[in-house]
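One structure is given here, and the rest of the page talks about it.
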Amino acid sequence: MTSTFTRPGAARARPVRQLVIVIVAVVMSIPFLYMISASLMSAEDLAASPLRWIPSSLRPDNYSEAWTYLSTRTVLNTVFFAVAIVVGQLALTLTAGFAMAHLPVPGSRIMLAVLLVPNLVPAELTLIPVFVVTYKLGLLGSYAGMILPIMCQTAFGTLLFRQFFSELPAGLIDAAKIDGAGWTRILLAIAVPLAKPAIATYASITFLGAWNQYIWPQLVANDEAHRVLNVALAPLAVSKFSLSSPAVGMAASVISILPVAIVFVLAQRWFVKGIVGSGID
Amino acid sequence: MTSATTTTTTPAVPAGSPTTARQRAPGRGHPRDRLTGFAMVLPNLIGFGIFVLIPAIAGVALSLLDWDLVDAPVWVALDNYQRLVEDPQVWKSLLVSVEFVAFGVIPAVLISFLLANLLDSRVRLIRLWRSLVFLPMVASAAVVAVIAGQLFRRGGVADSILAWVGIDSPDWFNSSGWAPIALIVILVWSSLPLTTMIYLAALQRVPDDLFAAAAIDGAGAARTMWSITWPAVRAATLLVGFLQFLGFISGSLALSRILTNGNPLGSTRTLALYSYQVAFDRGDMGYASAIAVFQLLIVAAAVVLVRLGSRFRR
């Protein structure tokens with residue numbers, strides 16, 4: 001059994017420690033627990049004084065009202081947006097990373113140096129110029145304008161996959177070339193399948209980042225046809241607008257967070273690996 | 001995205017096989033391969049050039065213009081910076097950024113360190129408890145804002161917890177004194193999953209003998225943590241501290257924009273948020289860029305000061 005964080009040989013901890021851990025975990029989860037509980041409350045329950053922690057009666061209607069407010073289109077937009085970014089980034093970084101590792105790309109040394117530049121410049125400073133570029137390209141208010149600038153943040157991924165592919169045994173690739181395989185085939189049939197763990201890690205983190213985007217999609221296209229979940233959800237933080245109760249806002253939050261929460265639970269291993277490196281397993 | 005990622009290792013190069021790809025000189029080789037290679041890199045390069053490289057360079061250039069994107073840009077050289085120095089909002093926002101860093105970074109670092117130590121145990125269902133602690137990292141700024149709006153409303157969870165301890169609670173987001181505090185608490189909470197994870201990974205790498213030796217010498221838990229554990233994860237502390245510093249100095253642009261938009265009275269308006277408002281609420285791209293450059297200089301100065309400070313202490 002592999003747990004990414006188990007220390008071998010550690011003694012079983014005392015019951016007091018166990019209890020403290022449980023308490024701490026629950027306290028950390030209070031915001032989420034309250035969100036779930038409140039999402040099923042009626043308006044009276046939610047506004048009750050003193051505070052109600054658990055609904056007196058369940059109101060699943062909150063969810064249908066939340067879905068109507070968010071709209072199916074928004075959900076689809078978000079899925080499209082996140083998937084497009086992940087797929088796009090993978091396509092760009094896998095291809096370029098592989099090429100830079102195994103092909104004599106002219107000027108690759110300069111390219112590598114250039115890829116490191118944006119790490120020095122913080123996001124706040126580039127937000128305005130990226131907006132200006134997007135505006136000048138006529139992409140404001142379009143899906144392309146929402147997706148492309150984020151999709152093209154390929155510095156990290158390209159370096160990651162270039163490093164990964166350069167560690168593949170060259171014998172593998174030479175054998176394929178002798179067999180007459182073209183580079184595309186080598187990339188798709190050999191290199192990519194070998195990179196599956198790295199791809200899983202990269203995809204998980206990129207998907208999470210894309211799903212949780214707010215500032216950029218909101219800046220480029222916040223009309224009902226293009227908006228993503230966060231853009232629809234954000235106004236509810238300060239006012240319930242036309243909703244029947246703030247509990248509907250809670251339900252909307254649950255809907256927004258559910259996909260990534262599920263992905264996280266299923267793929268926690270990949271997230272952790274991506275964040276702290278793989279020296280631990 | 002942290003730079004703490006390493007890639008997985010691959011099987012060893014079989015005996016007798018030619019050199020690994022790294023040792024092949026780029027730039028030489030079959031012309032058709034050069035063309036293919038270039039073609040494979042080209043889309044990436046173009047996209048990167050347009051949306052990353054050009055903006056990275058253009059930020060400073062923009063700050064020397066007066067431009068609202070509608071009319072033609074006007075070259076104003078350092079006028080925006082002059083304006084910046086004379087703008088009380090800038091200094092107030094700087095103060096808010098400093099306040100966030102001062103009250104947020106240290107608690108965030110310490111709490112995540114303690115949390116990681118706690119989670120570094122063999123306890124029943126530890127994977128579940130760890131998952132619960134890490135789960136908040138999937139929440140977007142919008143989700144956090146919506147939840148926080150409810151938690152901090154009159155008579156909400158925050159008020160109830162304080163009442164339970166016997167303290168009267170303020171009207172959080174309507175009070176210019178307490179709104180930043182509430183925002184800091186929320187930011188600390190939402191930053192804990194990531195930093196705890198980093199610390200936990202660092203703790204796992206500390207060799208067991210270190211702890212065993214301490215135990216043999218009779219060191220208690222607190223003493224061990226102070227003298228052994230804390231110094232042993234110094235690298236992680238530097239990383240976490242730096243990440244938290246960057247995170248708090250902007251007060252998370254998204255969260256502050258959604259939850260307070262700087263209100264009340266600019267008490268939650270960091271430099272980053274001010275720059276954003278100037279750019280996208282007022283349309284003053286040049287001035288907004290100047291503010292962003294100013295923030296960059298502040299951060300750079302802080303980093304330099306910290307490094308000088310640590311060098312002095314040796």
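Chain letters run A, B, ... following the sequence lines, proteins first and then strands; every chain starts at 1. Just so we're clear, the structure is a prediction, and the values are computed from it rather than from any experiment.
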Chain A contacts, top residue of B:L296, B:T260, B:I147 (heavy-atom pairs, under 4.5 Å): B:I147

Separation of B:N44 CG from A:T93 OG1 (nearest 0.5 Å): 7.0 Å

Atom pair CG/CZ of B:D120 and A:R17 - distance to nearest 0.5 Å: 7.0 Å

Greatest number of heavy atom pairs closer than 4.5 Å to chain B - which of A:L137, A:V265, A:V130, A:V263: A:V130

Nearest non-hydrogen partners of A:A237 and B:I258, listed with the distance: CB-CG2, 3.9 Å

Any donor-acceptor N/O pair, B:W189 side chain to A:M28 backbone, under 3.5 Å: yes

Under 4.5 Å from a heavy atom of chain A, the part of B:I50 involved: both

Closest approach of A:A99 to B:G37 (non-hydrogen atoms, all atoms of both residues): CB-O, 3.8 Å

Atom pair CH2/CD1 of B:W129 and A:I23 - distance to nearest 0.5 Å: 10.5 Å

Pair A:F271-B:F134, ring pair (Phe, Tyr, Trp, His ring centres under 6.0 Å): steps then yes or no: CA-CA 10 Å; A:F271 278 105; B:F134 296 153; over 10 Å; no

Donor-acceptor under 3.5 Å (A:Y214 side chain, B:A141 main chain): no

Donor-acceptor contact present, side-chain B:Q150 to main-chain A:P246, <3.5 Å: no

Distance in Å, A:L233 CG paired with B:S140 OG, rounded so as to fall on 0.5 Å steps: 6.5 Å

Distance in Å, B:F38 CZ paired with A:S108 OG, rounded so as to fall on 0.5 Å steps: 11.0 Å

Contact class of B:F280 relative to chain A, heavy atoms under 4.5 angstrom: side chain

Chain A contact via B:S131 - side chain, backbone, both or neither, heavy atoms under 4.5 Å: both

Check: A:M35 and B:V146 side chains under 4.5 Å, non-hydrogen atoms: no

Top contributor to chain B interface from A:V27, A:I215, A:T126, A:T184 [non-hydrogen pairs under 4.5 Å]: A:I215

Spatial distance of atom CG (B:L42) from atom OG1 (A:T95) [nearest 0.5 Å]: 11.5 Å

Shortest non-hydrogen contact from B:L253 toward A:L127: CD2-CD2, 4.3 Å

Closest non-hydrogen atom pair, B:V143 against A:S253: CG2-O, 4.2 Å

Between A:I30, A:V238, A:L236, A:L115, the one whose heavy-atom pairs under 4.5 Å with chain B are most numerous: A:L115

